[in-house]
Amino acid sequence: MSSSEDLSNEITLSKHTKTRHQGKFTASIFFVPHYCNCHRETSFQGGGMNGTAIENFVCVIFNVSFMNCTWHVGRTASRDTQYFLYWKTSVNEDFTGCQNYITDNYGRNIGCSFQNVTIKDKIADFLVNGSRSGQNILSYKKKIFLYRIEKLTPPLNVTVNCTEASHGCEIRWQPPRTSHTKRHACFKYEIVIENKARNITGNSYIFGTFSTEKRYSVKIRATDNGCLVSSSWGEWSTPVEFGEELTSTSYMLFLIPVLAASLILSLCAVRIYLKKTSPTIPQPKYPFPELSPEDFQREYKNQYIKHETGEIITIIEEMK
């Protein structure tokens, strides 16, 4: 399409916003082509010293409905400069001021946090102006398609089902949560297994090089597939592990016999060592014979007879 055709196909919407600021105003003109969702923006700013307006204005939507906007203070702004953020998502609405500012070490507002943000097909207008005693601060205005600044959440419910017969695993998941689209076809995915990335569409993938003796890990993230979805890659899902490895129970069953065998071998080694290093105890030349109960009775009778005979001999000698 030629440049003349481009201009002929454009609808020019001119919106002048007059803001009283010591007799000056800021005007913005937006050119919106009717054949696409893009836009070109031209802003005119006045009523302040150069270098006092904010720089590097960035907004990010995360966790479906939270939004953070941040900026850098102007190059020539002093420490007592203060900035204020306002925004709206409809031409019929009034600007709403930030309720939760982020500040720097000097107490200057350098960002804002929002909650309960809905995207749908909304275009948001952002306005940041400032104040300082005795000095005019340049204002800053920007129009943003909200779906473009969303950081997609991780894909949901990632599961892995492996079968040994086919030596393959089926990996399934659900699309990330968003506030403006539920169509599965609006997303494409990057799936990483063993540090190897694959870009696919759909909500399942067959991993065909599965080995029952290995342990694997898979993670997935999403991006746009031709809908009103952010073209930036979203958050990674929590890694899911699959495959075979020793569980704690089987590991203990394997460990106990090994420890028992090691203990027995250690005891045997200690016994052999003690035998080699301990002094030899001499044995008696004529070992005492073991006596049976009959031997004890016989020995007792002999001792008794000797005792009685001794007493008789003693009496006879005394009588003499």
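These figures come from a predicted structure and were not determined experimentally. Scope of the values below: all heavy atoms of this structure, side chains included, with no hydrogens, waters or symmetry mates.
Between Y101 and F84, the angle of the ring planes goes over 60°, which puts this pair in the perpendicular group of the 30/60° scheme. Using a 30° and 60° split on the angle between ring planes, F207 and F242 fall in the perpendicular class, above 60°.
In this structure, F57 has its ring center under 6.0 Å from that of F126. Taking the six-membered ring for Trp and the full ring otherwise, the centers of Y140 and W71 sit at least 6.0 Å from each other.
Shown are D224, T223, V229; of these, the side chain to side chain contact (heavy atoms under 4.5 Å, CB included) with K188 is made only by T223.
For the pair K151 and F62, the cation-pi test (distance below 6.0 Å, angle within 45°) is failed.
Summarising the geometry, atom CD1 belonging to I110 is positioned 12.0 Å from atom CG belonging to N56; distances are rounded to the nearest 0.5 Å.
Comment: K88 does not engage D125 in a salt bridge, judged by the lack of any side-chain N to carboxylate O separation of less than 4.0 angstrom. Ion pairing of E170 with R172 is present here, as a side-chain N (NZ or NE/NH1/NH2) and a carboxylate O approach within less than 4.0 Å.
Using a distance-only test at 3.5 Å, with no hydrogens or angles considered, a donor-acceptor pair links the side chain of S237 to the main chain of I220. Looking at E241, its side chain never comes within 3.5 Å of a backbone N or O of P239 through a donor-acceptor pair. E235 places no side-chain N or O within 3.5 Å of a backbone atom of P155 that could act as its donor or acceptor partner. H180 contributes a side-chain N or O that, together with a main-chain N or O of L228, makes up a donor-acceptor pair within less than 3.5 Å. At distances below 3.5 Å, at least one donor-acceptor pair connects side-chain atoms of T153 with backbone N or O atoms of R177. Judged by distance alone, with hydrogens and angles left aside, the side-chain atoms of T81 form no donor-acceptor pair with the main-chain N or O of A77 at under 3.5 Å. Proximity of a side-chain donor or acceptor of S65 to a complementary backbone N or O of V117 within less than 3.5 Å is not detected.
In summary, the side chains of N203 and Q174 do not present any donor paired with an acceptor at a separation below 3.5 Å, with no hydrogens or angles considered. Side chain to side chain, Y205 and R198 meet the donor-acceptor criterion of an N or O pair below 3.5 Å. Using modelled atom types, one finds no donor on one side chain facing an acceptor on the other under 3.5 Å when comparing R148 with S231.
In this model, C69 has its SG atom within less than 2.5 Å of the SG atom of C59.
Criterion: ILVMFWY side-chain heavy atoms under 4.5 Å apart, direct or through other members. Under it, M67 and I123 are part of a common hydrophobic cluster. Following chains of ILVMFWY side-chain contacts shorter than 4.5 Å, one cannot reach I119 starting from F66, and the two form parts of different hydrophobic clusters.
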